[in-house]
There are 2 protein chains.
Amino acid sequence: MDGEPPGAAARMRDVARVAQVSAMTVSRALKDPERVSPEVRARVEEAVRQVGYVPNRLAGSLSSSRSNVIGLVVPSIDNSLFASTIQGISDVLRRHGHELMIASSGYGEEAEEAAIRAFLGQRVAGLILHDTTHTPEAVAMIRRAGIPVVENGTLTRHPLDMVVSYSNHDAAMAMMRHLLRLGYRRIGFVTLPLAANERSRDRRRGYAAALEEAGLPYDPRLVLEVPPGLAAGVEALDRLLDGGGDPDAIFFAGDVLAIGAALECTRRGWPVPGRVAIAAFDNIDLLGHLVPPVTTLRLPRHEIGRRSAEVLLDRIQGRATGPLTVDLRFEIIHRAST
Amino acid sequence: MDGEPPGAAARMRDVARVAQVSAMTVSRALKDPERVSPEVRARVEEAVRQVGYVPNRLAGSLSSSRSNVIGLVVPSIDNSLFASTIQGISDVLRRHGHELMIASSGYGEEAEEAAIRAFLGQRVAGLILHDTTHTPEAVAMIRRAGIPVVENGTLTRHPLDMVVSYSNHDAAMAMMRHLLRLGYRRIGFVTLPLAANERSRDRRRGYAAALEEAGLPYDPRLVLEVPPGLAAGVEALDRLLDGGGDPDAIFFAGDVLAIGAALECTRRGWPVPGRVAIAAFDNIDLLGHLVPPVTTLRLPRHEIGRRSAEVLLDRIQGRATGPLTVDLRFEIIHRAST
DNA sequence: CTTGCTGGAGTTACCGATATCATAAACCGG
DNA sequence: CCGGTTTATGATATCGGTAACTCCAGCAAG
């Protein structure tokens with residue numbers, strides 16, 4: 001009855017036959033309705049509905065060498081922090097009829113390179129990378145492909161192309177100044193692995209810069225590098241308090257570390273900041289509900305996503321050219337824990 | 001010097017020219033190296049490196065009508081709960097050389113339909129949908145496309161194709177039995193909006209079923225429907241305690257609601273479960289660090305992602321056919337809050 | 001009435017791969 | 001040393017669209 005094998009998607013020429021026009025006219029009617037007569041447009045629309053036509057974007061992109069897909073590489077998807085950036089990107093892209101492909105690098109440059117290669121294979125129109133350090137081969141591929149790129153992780157001093165972020169250095173420094181202003185002098189610093197990314201390194205530079213500015217020594221017994229996770233925060237708390245550095249405050253510059261530590265203080269019945277003050281990086285909602293609520297930084301996670309997508313689209317659609325650095329703002333949320 | 005305009009990506013024929021073979025041979029050397037002679041293979045590999053060739057998958061997929069992209073639609077990306085499922089999917093896909101496209105439906109069927117349409121336009125090889133209710137048009141499109149689909153949200157009774165999930169009904173019921181066994185009799189139930197999805201409805205059915213099984217009445221004063229978020233948990237706590245239902249325990253069957261409530265109890269210095277017992281759904285890490293640690297359900301989030309990707313790939317690669325329901329297990333984590 | 005222009009629709013080539021078939025060399029037992 | 005098979009490679013058509021050009025009718029101006 002059908003004339004077509006089942007499972008075969010309708011093609012443009014099927015629509016054309018039904019609407020009694022050429023395939024080219026169907027293409028025009030769909031992409032640029034102004035350029036066909038109203039009657040033809042109506043016939044085409046009807047035919048599209050009738051055969052259940054969904055345009056093949058593989059063919060479209062191949063032919064026009066224009067893609068509507070953006071590739072995103074994040075260190076890990078399983079992390080609410082990237083989630084909110086992803087949501088921001090996704091919101092903007094969808095509004096502009098673009099699609100989002102996501103890959104995670106597992107915090108490794110090799111995996112990032114593989115993801116980038118795969119995305120370039122899909123001929124994405126642009127890339128958003130969270131990390132700011134890349135393999136030479138990855139950089140070379142991106143250069144050859146000549147597509148716009150946004151980096152997100154920190155305001156790196158060696159951008160590939162465009163950067164949309166906040167300054168991890170300045171944010172850490174601002175928090176340190178805040179603590180110093182409150183009178184804390186022996187401030188511990190807990191960071192995620194420094195080798196893994198520039199963000200953590202920038203934060204530690206900010207920590208060190210604030211100490212130097214205040215004329216205080218950098219005491220290695222006050223600095224700790226730990227893996228991510230609640231449990232690591234608890235462990236860091238113990239190790240710093242027992243480590244001989246005798247901290248009066250601890251600045252947790254990594255995701256969920258502060259939460260683990262703060263909850264542990266509650267569990268032990270330690271007064272915060274009486275026993276030790278606690279400051280965090282990000283995660284503002286939850287930290288505000290802890291007892292006591294924890295001082296932290298509000299970071300523009302969602303905004304980073306939105307703006308990244310926007311500047312990328314600006315370039316793709318020819319509204320802008322050249323490198324660009326967008327410095328988004330952070331904010332210190334002062335609460336009872338410090 | 002170059003012969004090619006800058007920005008033009010190398011094509012297969014460029015590789016072919018350099019390697020002094022035909023394009024077809026390049027194609028074979030890359031896809032099925034066994035089928036070309038060792039010397040030719042070496043020449044091709046060298047040429048690929050030399051010109052920086054990245055195969056165009058748009059062209060490849062169009063030609064072979066075989067795609068390596070999977071489309072995923074989640075209600076919201078900005079949610080750690082989906083994040084871990086996404087990570088599971090992504091891990092499996094990457095290992096098999098497939099790509100992942102993600103869209104969020106914002107908890108609306110219309111938006112889901114739009115996302116599905118876009119994905120079908122990209123000729124994805126398969127779909128993973130978190131929601132289990134869809135517009136008729138979305139269902140029709142998927143049927144026409146004839147691609148495999150996995151639904152994730154709950155063990156729906158009307159699956160489109162394959163389902164990988166756990167039973168929200170049974171999970172809620174199991175938690176209720178747990179609470180009833182502990183002697184609680186006036187158990188409050190806080191849920192996310194029921195209209196939005198089948199998951200929440202299944203959970204409430206489980207709540208009701210457990211009550212009936214125990215011969216207890218369903219008291220509307222003990223049931224509350226609230227939006228997601230920490231603050232909503234706090235509000236729910238207040239409203240249930242003041243609502244005349246006089247609960248001795250509250251079962252928070254929605255993301256982060258229980259966390260908000262538990263932290264609020266800490267803040268007010270209420271003993272838990274002395275004042276009221278608290279049970280949660282999911283989020284097991286964080287809940288275990290609260291004071292007191294909160295009883296909850298361990299849900300197979302990551303596993304859902306992994307298995308979904310696996311069954312999808314099985315179908316795509318012809319290793320399996322037909323509908324399939326995978327019932328993954330949940331587990332009650334009994335802690336001090338109940 | 002001719003010329004030139006305009007707007008709507010059609011024709012053809014092509015995007016960059018792969019499927020399919022064709023071809024030539026290598027191989028092999030009798 | 002030959003017919004027949006295997007093996008490596010190439011030629012060509014095609015996937016489903018779009019770019020760029022062509023064509024033709026209708027109309028205004030000269």
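Here is how names work: the chains are called A, B, and so on, in the same order as the sequence lines, proteins then strands, and each is numbered from 1.
- Summarising the geometry, the separation between CG on B/Asn56 and P on C/dC14 is reported as 18 Å, rounded to the nearest angstrom.
- Counting any heavy atom pair closer than 4.0 Å across all strands shown, B/Ser64 reaches sugar-phosphate atoms only and no base atom.
- Nucleic acid contact for A/Arg28: base, since at least one base atom lies under 4.0 Å from a heavy atom of the residue.
- The distance between atom CZ of A/Arg41 and atom C1' of C/dA9, rounded to the nearest whole Å, is 14 Å.
- For the pair B/Leu30 CG and C/dG16 P, the interatomic distance rounds to 16 Å; values are reported in whole Å.
- Using a 4.0 Å cut-off between charged side-chain N and carboxylate O, B/Arg57 and B/Glu99 make no salt bridge.
- Distances shown here put every side-chain N or O of B/Ser65 at or beyond 4.0 Å from the OP1 or OP2 atom of D/dC15.
- Taking for each of B/Val36 and B/Ser63 the nucleotide of DNA chain D with the nearest heavy atom, the 5'-most of the two is the partner of B/Val36.
- If you take CZ of B/Arg66 and P of D/dC15, they are 15 Å apart, rounded to a whole angstrom.
- Atom CZ of B/Arg35 and atom P of D/dA8 are 8 Å apart (whole Å).
- For the residue pair A/Thr135 and A/Glu113, a side-chain donor N or O sits within less than 3.5 Å of a side-chain acceptor on the partner.
- With C/dG10, C/dG16, D/dT9 as the candidates, the nucleotide lying closest to the side chain of B/Ser37 is D/dT9.
- There is no side-chain donor-acceptor pair under 3.5 Å between B/Asn79 and A/Gln87.
- To the nearest 0.5 Å, atom CG of residue A/Leu127 and atom OG of residue A/Ser308 are 12.0 Å apart.
- For A/Met24, the listed nucleotide lying nearest its side chain is D/dA20; candidates were C/dG16, D/dA20, C/dA17.
- Distance B/Glu34 CD to D/dT7 P: 13 Å, rounded to the nearest Å.
- Between A/Arg43 atom CZ and C/dA9 atom P the separation is 8 Å, expressed in whole Å.
- The side chain of A/Ser22 places an N or O atom within less than 4.0 Å of a non-bridging phosphate oxygen (OP1 or OP2) of C/dG10.
- A straight line from CZ of A/Arg11 to C1' of D/dC15 spans 10 Å, rounded to a whole angstrom.
- Defined by atom type and a distance below 3.5 Å, a donor-acceptor pair is missing between the side-chain atoms of A/Glu198 and A/Thr154.
- OP1 or OP2 of C/dG10 sits under 4.0 Å from a side-chain N or O of A/Thr25.
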